[in-house]
Visitor: 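For reference, the structure I am asking about is given below.
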There are 4 protein chains.
Amino acid sequence: MAAPKQTEKGERRRALLVAAAAELLAEGGFEAIRHRAVAERAGVPLAATTYYFSSLDELVGAGLDRLAREELADARACLDVRDDPHEIVLDLLLGPRSRAEGLDAVLRRFERLIGSGRRPFLAGLLRDQRVEFDALLDEALTRVTGRRPAPGEVRRVTALVDGVVLTALIEAEPDPRGIARAALREAVAAV
Amino acid sequence: MAAPKQTEKGERRRALLVAAAAELLAEGGFEAIRHRAVAERAGVPLAATTYYFSSLDELVGAGLDRLAREELADARACLDVRDDPHEIVLDLLLGPRSRAEGLDAVLRRFERLIGSGRRPFLAGLLRDQRVEFDALLDEALTRVTGRRPAPGEVRRVTALVDGVVLTALIEAEPDPRGIARAALREAVAAV
Amino acid sequence: MAAPKQTEKGERRRALLVAAAAELLAEGGFEAIRHRAVAERAGVPLAATTYYFSSLDELVGAGLDRLAREELADARACLDVRDDPHEIVLDLLLGPRSRAEGLDAVLRRFERLIGSGRRPFLAGLLRDQRVEFDALLDEALTRVTGRRPAPGEVRRVTALVDGVVLTALIEAEPDPRGIARAALREAVAAV
Amino acid sequence: MAAPKQTEKGERRRALLVAAAAELLAEGGFEAIRHRAVAERAGVPLAATTYYFSSLDELVGAGLDRLAREELADARACLDVRDDPHEIVLDLLLGPRSRAEGLDAVLRRFERLIGSGRRPFLAGLLRDQRVEFDALLDEALTRVTGRRPAPGEVRRVTALVDGVVLTALIEAEPDPRGIARAALREAVAAV
DNA sequence: TATGAATGAGTCTTCATTCAT
DNA sequence: GATGAATGAAGACTCATTCAT
């Protein structure tokens with residue numbers, strides 16, 4: 001028990017562990033977050049994982065949180081650099097990794113979304129992320145269309161792209177991002 | 001391969017194992033199909049699982065096949081009974097369990113869809129299922145709209161409903177089937 | 001128990017099984033002789049292996065016997081064809097497979113010789129084989145030297161070549177047959 | 001790699017395991033080194049074997065290393081006590097156990113030699129052992145003959161004795177050490 | 001405060017052998 | 001006579017978690 005004191009070293013270690021968990025989550029999904037793997041990746045002793053996080057679930061939550069923040073920050077940075085807004089929307093919907101890594105990255109992202117269903121302790125976290133996520137998406141869509149999205153439009157586009165991608169994933173379509181891009185353009189044009 | 005199934009008794013045991021695997025799959029996803037769990041559920045010794053299925057993957061495949069057949073059969077039965085075609089479409093998209101079990105059943109169904117992406121040995125099976133699935137969906141949509149669906153329309157409706165439901169899942173919306181029903185009506189009306 | 005009747009079909013099956021065991025022995029050593037493997041290779045039902053041979057040991061014995069006979073027959077055939085007698089001696093000492101397969105074949109042959117130590121039921125068989133083996137070696141050496149070997153000379157040459165090869169095996173020398181050939185020439189010249 | 005060995009207590013346990021592995025190797029060959037067997041012999045829980053050695057191969061390597069060191073130390077001790085140098089040479093070639101245990105000990109030693117050929121991960125270890133082994137053999141032969149062995153003479157004697165013993169083993173000669181002794185005297189006299 | 005040590009429970013899979021039919 | 005069915009025991013290995021120091 002006895003929550004570890006918040007020494008500077010302790011904070012550094014916590015951060016190392018969370019970063020390792022986030023990496024593993026992005027690369028291999030929830031199952032990849034194991035005590036051993038996290039400790040090795042973070043370069044800390046195995047027991048540190050249970051010392052700083054009272055259960056694996058806690059570590060999973062912290063990793064998911066960190067990963068989501070990183071992805072949001074990435075998308076925001078692209079927005080600032082005035083990157084093609086379509087791509088930023090896709091980054092938000094499919095994850096920035098989908099730019100380079102294709103099918104697998106998207107698969108893992110959806111696994112993450114769905115897999116949270118088995119992990120009730122993540123539910124709150126995911127919903128909170130959604131709020132920031134939607135705000136950014138709203139802004140990106142504004143740039144795409146040149147006007148403020150109507151109420152519910154963000155959700156409609158999200159749903160449409162997600163749905164198309166889901167089918168693509170099941171059929172092992174090698175370029176889900178391409179599919180998503182087409183659906184996005186069509187959805188935007190239809191309005 | 002292998003797969004003894006000569007005698008009637010052997011067939012019966014095989015069926016027991018497949019049924020157990022299908023149940024576990026429906027309840028706990030792919031990860032829930034383990035030798036021990038299947039053996040216990042089927043009430044057979046552990047070694048029987050490897051006697052009838054030379055690898056766990058084979059058992060997973062058989063379980064998925066059985067589960068899909070059951071769900072198709074359920075939907076088909078509803079069609080014959082002239083049930084509300086909207087509901088049949090939803091059965092096909094969300095699984096018949098979503099009628100009674102709500103959120104969890106839908107979540108598990110999506111888990112299954114996504115999880116299949118990670119299991120290349122299921123690809124062939126999934127493709128085959130897709131054919132029967134689409135044919136039935138085509139018929140159900142015909143009843144909904146009163147006309148034969150245009151090419152690609154089945155896929156478009158599928159994508160739209162799936163996308164809407166995915167968002168509902170993340171937000172822990174208690175009645176994803178309701179959300180899906182609304183999306184379906186809207187999509188159909190839009191044509 | 002009840003020794004299976006000696007029907008024609010039974011005899012054919014026995015022969016198939018023994019041949020399969022001999023092949024597996026030559027390819028993978030004693031450990032490779034397993035009920036499953038033998039049955040598969042012979043194309044007979046698994047239970048036939050225990051039906052025709054009351055234990056695995058019996059099958060191992062029969063396989064070893066057959067393999068040795070084959071190797072002797074091969075060497076004899078070469079002798080009749082007036083092949084280079086040095087090579088025939090090497091066939092006898094290292095096995096005919098050592099011509100083409102090199103290190104591995106020789107390794108397996110020595111494993112067979114030594115491995116018999118753990119299998120007392122093979123002792124008699126091995127000794128019997130030695131008698132035929134030595135007779136043939138005597139004849140081959142006669143051709144090599146042009147004269148009848150002195151008493152004990154066969155054994156001396158055998159020991160010398162075996163010893164040299166044993167060292168070569170331990171040091172993973174890739175061409176033990178080459179080493180053996182050199183030792184043989186030297187040993188013969190020294191007389 | 002891994003290999004925890006920081007604390008004294010950990011070291012002790014590690015040593016227990018290695019000793020158990022060495023014993024099993026001497027008694028039953030490489031195949032006798034199994035997690036279960038080692039754990040039982042060492043009196044530790046099964047999981048301790050994988051905690052201290054990340055794979056069975058590592059444990060096999062450590063066991064072989066220990067056994068070889070013991071045998072070398074035994075021979076060296078005899079050398080210091082000015083034991084009959086012939087016997088020391090035989091200790092080196094047949095293992096010290098061959099003094100008391102006769103046939104079986106020699107058989108197991110050869111099994112070990114041959115078995116090493118199948119285990120490439122032991123190659124480095126074997127090479128290192130060979131260096132110490134040859135140095136000691138050189139010294140022992142010096143005492144036997146009263147002069148420094150000529151280059152290659154150590155290997156020649158090794159091969160000759162090994163070859164003779166191999167034949168003795170196959171013929172289940174009850175006193176392989178006696179045979180080896182005779183061969184050794186003859187080989188030395190011939191120079 | 002940290003962490004090496006430790007382990008019970010569980011993972012998939014293989015195999016020789018028995019037995020009922 | 002022949003064989004499908006069956007299984008207990010064992011194989012290597014993984015892992016979350018606890019605990020003594």
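Each chain gets a letter, A, B and so on, in the order its sequence line appears, and its residues count up from 1.
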Visitor: How is B:Ser55 classified with respect to the nucleic acid when contacts are heavy atoms under 4.0 Å: base, sugar-phosphate, or nothing?
Guide: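 Sugar-phosphate, backbone atoms only, no base.
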
Visitor: Taking Watson-Crick and G-U wobble pairs with both distances under 3.5 Å, convert DNA chain F into its dot-bracket string, 5' to 3', dots for unpaired and | for cross-strand pairs.
Guide: .||||||||||||||||||||

Visitor: Return no unless some side-chain N or O of D:Tyr51 is found under 4.0 Å from OP1 or OP2 of E:dA5.
Guide: yes

Visitor: How far apart are the closest heavy atoms of A:Ala105 and A:Arg97, and which atoms are they?
Guide: CB-CB, 3.7 Å

Visitor: Could you grab the distance from atom CZ of D:Arg108 to atom CG of D:Asp104, nearest 0.5 Å is fine?
Guide: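 Answer rounded to 0.5 Å: 5.0 Å.
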
Visitor: D:Leu17 has an atom CG; how far is it from atom P of E:dA5, in whole Å?
Guide: 13 Å

Visitor: Please report the shortest heavy-atom distance between C:Ile33 and C:Leu56, naming the atom on each side.
Guide: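 Here C:Ile33 and C:Leu56 meet closest at O-CD2, 3.6 Å.
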
Visitor: Can you measure C:Glu11 atom CD to F:dG1 atom C1' for me and round it to whole angstrom units?
Guide: 14 Å

Visitor: Enumerate the salt bridge (charged side-chain N to carboxylate O under 4.0 Å, His left out) contacts for residues 116-128 of chain C, please, sequence neighbours excluded, ordered by first and then second residue.
Guide: C:Arg118-D:Glu111

Visitor: Can you check the B:Arg14 CZ to F:dA5 C1' distance for me, whole Å?
Guide: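 Distance, rounded to whole Å: 13 Å.
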
Visitor: Nearest whole Å is fine: how far is F:dA16 C1' from A:Glu58 CD?
Guide: 15 Å

Visitor: Just the atom pairs and distances: protein N or O near nucleotides 18-21 of chain E's N or O, under 3.5 Å.
Guide:
none

Visitor: Roughly how far, to the nearest 0.5 Å, is the CG atom of A:Leu17 from the NE2 atom of A:His35?
Guide: 9.5 Å

Visitor: Can you list, pair by pair, the side-chain donor-acceptor contacts under 3.5 Å of residues 19-32 of chain A, counting residues two or more places apart and other chains?
Guide:
residue	atom	partner	partner atom	Å
A:Glu23	OE1	A:Arg41	NH1	2.6
A:Glu27	OE1	A:Arg41	NH2	3.0
A:Glu27	OE2	A:Arg41	NH1	3.0

Visitor: Looking at every heavy atom in both B:Phe121 and B:Gly61, which two are closest together, and how far apart are they?
Guide: CE1-N, 4.5 Å

Visitor: Given B:Ile114, which partner from the list A:Ile170, A:Leu169, A:Leu113 fulfils the side-chain contact (heavy atoms from CB on, under 4.5 Å) test?
Guide: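 Of A:Ile170, A:Leu169, A:Leu113, side-chain contact (heavy atoms from CB on, under 4.5 Å) with B:Ile114 is met by A:Leu169 alone.
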
Visitor: Of D:Leu56 and B:Arg13, whose nearest nucleotide on DNA chain F comes first from the 5' end?
Guide: B:Arg13

Visitor: Where along residues 28-42 of chain B does a heavy atom fall under 4.0 Å from DNA chain F?
Guide: none

Visitor: Both B:Asp57 and A:Ala48 contact DNA chain E. Taking the nearest nucleotide for each, which residue is further toward the 5' end?
Guide: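 Of the two residues, A:Ala48 wins.
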
Visitor: Any donor and acceptor pair, going by atom type alone, linking the side chain of C:Ser116 with main-chain N or O of C:Arg112 inside 3.5 Å?
Guide: yes

Visitor: Measure CZ/A:Arg12 against P/E:dA2 and give the value in whole Å, please.
Guide: 11 Å

Visitor: Is there a donor-acceptor pair under 3.5 Å between the side chain of A:Arg36 and the backbone N or O of A:Leu46?
Guide: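 Side chain of A:Arg36 to backbone of A:Leu46, a donor-acceptor pair under 3.5 Å: no, none is there.
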
Visitor: Mind calculating the distance between CG (C:Leu46) and P (E:dA16) to the nearest angstrom?
Guide: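 Answer to the nearest Å: 9 Å.
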
Visitor: For D:Ala47, give me all partners under side chain to side chain contact (heavy atoms under 4.5 Å, CB included), at least two apart in sequence or on another chain.
Guide: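 Residues passing side chain to side chain contact (heavy atoms under 4.5 Å, CB included) with D:Ala47: none at all.
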
